[in-house]
Amino acid sequence: MRLVNRRPSREAALLLAALPFVLLLLAYLFGSAARLADNPADKLLPWPSTLLESLRSLALEPDRRTGAVLLWSDTAASLGRLAAGLALATLVAALFGIAIGLVPLAGALLGSFVAALAMIPPLAVLPILLIVLGTGEASKIGLVALGTGPLLIRDLALRVRELPEELLVKAQTLGASSWHLAIRIVGPLVAPRLLDAVRLQLGPAWLFLIAAEAIAATEGLGYRIFLVRRYLAMDVILPYVAWITLLAFAGDRLLAFLGRRLFPWARSGA
Amino acid sequence: MSRIEVQGLWKSYGDRVVLERVSLVIEPASLVAIVGSSGCGKSTFLRILLGVEQPSRGRILLDGAPLPAEPGPDRGIVFQRYTVFPHLSVLENAALGLELRASRLLGRSFGARRREAHEQAAAMLERVGLGHVLEAFPHELSGGMQQRLALAQALVVEPRVLLLDEPFGALDPGIRADARALLLELWEERGTTVVMVTHDLPEAFQLGTRVLVFDKVRRDPQAPERYGATVTYDLPGYNRRRPRPPAPAASAAAPATGGS
């Protein structure tokens with residue numbers, strides 16, 4: 001049988017899916033064991049028991065200097081910034097995306113401007129944000145919003161233009177004004193698309209958040225891993241990276257769940 | 001119950017002439033079917049009536065006043081596809097026109113007005129046979145039910161003219177027959193002036209009190225786009241029924257409906 005026609009059974013599929021994870025884990029264990037055999041004080045590939053011990057103290061014991069339990073205070077700080085930045089970007093995208101897509105005059109005025117804005121590498125703007133907004137929360141939230149916002153606007157404007165003309169004409173024959181079209185027809189119709197776009201922007205949002213935290217912060221997941229990098233504290237960095245990955249994955253699933261709950265009509269496509 | 005007057009209408013895109021010298025009067029409460037081969041300009045004509053395209057020359061009067069240059073609540077439309085709103089339930093779809101009218105700011109109504117709008121919409125849905133699926137979303141409906149919903153949605157705001165663009169073209173034959181019968185009944189009850197574009201000749205004659213055929217009278221083999229189409233045949237349809245709208249619409253339209 002041809003390779004393209006061979007399908008794994010359920011069990012085989014599960015096994016295959018687990019295989020890369022298991023291989024990675026094994027490679028890590030072998031590497032760690034080998035290095036520790038050479039030098040018991042090696043910090044690069046700590047043995048799992050060391051990782052668990054670090055994780056336990058990070059998650060359960062208050063920090064000696066600040067009194068906060070680091071993992072949770074860092075998580076709260078980072079998630080707060082991420083949510084604020086994404087919420088800001090989403091709000092701006094909803095306003096401008098619908099305006100640009102629906103109103104030809106607004107599209108002519110702002111379309112090229114937003115396209116140009118989206119071309120600016122957000123990290124190149126970070127120094128400007130730090131200078132203008134200071135090193136507080138505003139610059140980090142600003143970077144997340146600036147990094148994800150222009151793309152969300154452009155994506156949403158395209159989605160609005162993709163809506164069948166028939167629907168917009170029909171609404172007008174029912175007496176809809178431009179404003180009605182925006183809030184009663186176009187807004188609700190593209191809301192699921194906006195949520196999907198935000199989902200896809202979660203990855204970039206984390207990237208910008210960690211970059212901003214690495215440069216100027218006093219707490220946060222990104223701040224922590226860049227701080228302990230100086231001491232080669234892989235026993236902190238590795239659990240943090242795993243934790244960030246888990247949070248990003250959970251965020252993705254949460255938005256997918258929200259989409260299904262909020263827009264039951266969108267399941268079969270508009 | 002509205003009269004449409006088309007005077008010397010031309011429509012061209014650059015050098016391509018689509019319609020030329022179209023002049024006709026559509027009497028109140030008539031059901032006019034427009035037929036013609038594809039590309040004959042019948043859909044363009046409907047789009048001009050709808051207000052999404054503007055005539056290059058000539059003008060159209062609706063009850064004596066120039067037709068507004070954009071779609072509006074005086075002209076309802078049912079398209080072949082994309083004709084109901086997927087994010088609204090059946091009841092919300094039907095009530096949408098009433099809700100939009102209720103509030104300029106929010107486009108929805110509340111309290112007693114909302115109840116009233118929903119009752120009116122539900123009655124209309126009952127009339128078109130959708131009384132049992134008020135809470136369903138359009139994607140849960142069959143094609144025929146979606147078109148019934150589209151008809152109800154358009155008629156609930158009582159447009160002066162109802163425009164239909166191949167409304168039954170995508171339906172299965174049995175469903176199509178039911179939908180046609182429903183259209184005839186609604187037209188008879190309400191007396192709305194109906195203009196329907198179709199490529200189905202039997203349908204045109206079965207439904208229409210009047211059938212207009214669009215075609216080109218002049219042809220230039222070297223430049224097929226040199227000349228546009230116009231009304232080449234203006235025939236009475238087999239539909240001999242006449243609307244008997246309810247009492248409040250007491251206009252004197254009945255004797256003037258022409259055709260029979």
Side-chain angles (χ1 to χ4, degrees), chain A residues 90 94-95 97-99 101-108 156 158-198 255 258-270, chain B residues 46-47 49-53 68 70-90 92-108 121 135-141 149-150 152-163 165-166:
Chain A
T90 306
L95 289 175
I98 291 175
L102 180 62
V103 184
L105 290 174
L156 198 64
L158 286 176
R159 302 298 182 188
V160 171
R161 291 199 185 123
E162 275 172 12
L163 291 177
E165 184 207 9
E166 284 93 334
L167 288 182
L168 300 183
V169 170
K170 174 97 194 194
Q172 292 178 58
T173 67
L174 297 175
S177 63
S178 300
W179 170 247
H180 283 155
L181 280 177
I183 63 162
R184 289 285 272 137
I185 309 297
V186 174
L189 277 177
V190 295
R193 312 295 182 91
L194 179 60
L195 198 69
D196 277 348
V198 171
L255 287 186
L258 272 181
R260 283 196 304 274
R261 280 299 293 272
L262 292 176
F263 314 115
W265 53 269
R267 237 170 293 164
S268 70
Chain B
L46 197 80
R47 287 172 65 81
L49 285 181
L50 186 56
V52 292
E53 304 252 8
E70 61 175 356
D74 47 354
R75 286 150 292 155
I77 177 78
V78 175
F79 292 108
Q80 182 174 353
R81 303 172 58 213
Y82 299 122
T83 203
V84 293
F85 299 101
H87 65 295
L88 299 177
S89 73
V90 167
E92 289 167 333
N93 257 294
L96 182 64
L98 303 171
E99 298 249 303
L100 292 174
R101 190 182 289 171
S103 161
R104 290 171 61 86
L105 188 63
L106 297 174
R108 52 172 87 235
E135 301 307 320
F137 281 111
H139 75 261
E140 299 168 277
L141 304 184
L149 173 57
Q153 183 182 43
L155 286 174
V156 86
V157 294
E158 297 179 348
R160 293 202 266 172
V161 181
L162 179 63
L163 305 172
D165 190 0
E166 309 250 8

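Letters go in sequence order (proteins before strands), and every chain restarts at 1.
Few gaps surround CD on B/Glu140; more than 12 heavy atoms of other groups in view lie less than 6.0 Å from it. Other residues, nucleotides and ligands contribute over 12 non-hydrogen atoms within 6.0 Å of the CZ atom of A/Arg161.
Residue with the most contacts toward chain A among B/Leu163, B/Leu96, B/Leu100: B/Leu100 (heavy-atom pairs, distance under 4.5 Å). Of the listed residues (B/Leu105, B/Val52, B/Leu50), the greatest number of heavy-atom pairs within a distance under 4.5 Å of chain A belongs to B/Leu105.
At a 4.5 Å heavy-atom cutoff, the contact between B/Arg75 and chain A is made by backbone atoms alone. Heavy-atom distances place the backbone of B/Ser103, and not its side chain, under 4.5 Å from chain A. With a 4.5 angstrom heavy-atom cutoff, A/Leu167 touches chain B via backbone and side-chain atoms both. Only the side chain of B/Glu99 comes within less than 4.5 Å of a heavy atom of chain A; its backbone N, CA, C and O stay farther away. Neither the backbone nor the side chain of B/Val156 comes within less than 4.5 Å of any heavy atom of chain A. When heavy atoms are compared at a cutoff of 4.5 Å, A/Ala171 approaches chain B by way of both its backbone and its side chain.
Using a 4.5 Å cut-off on side-chain heavy atoms (C-beta onward), B/Pro138 and B/Asn93 make contact.
Below 30°, between 30° and 60°, or above 60°: for B/Phe137 and B/His139 the angle between ring planes is below 30°, a parallel geometry.
Partners of A/Gln172 according to the side chain to side chain donor-acceptor pair (under 3.5 Å) rule, which considers only residues two or more places apart in sequence or in another chain, do not exist here.
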Applying side-chain contact (heavy atoms from CB on, under 4.5 Å) to B/Leu49 and B/Val161, what does each step give before you reach the verdict?
CA-CA 10 Å; B/Leu49 285 181; B/Val161 181; over 6 Å; no
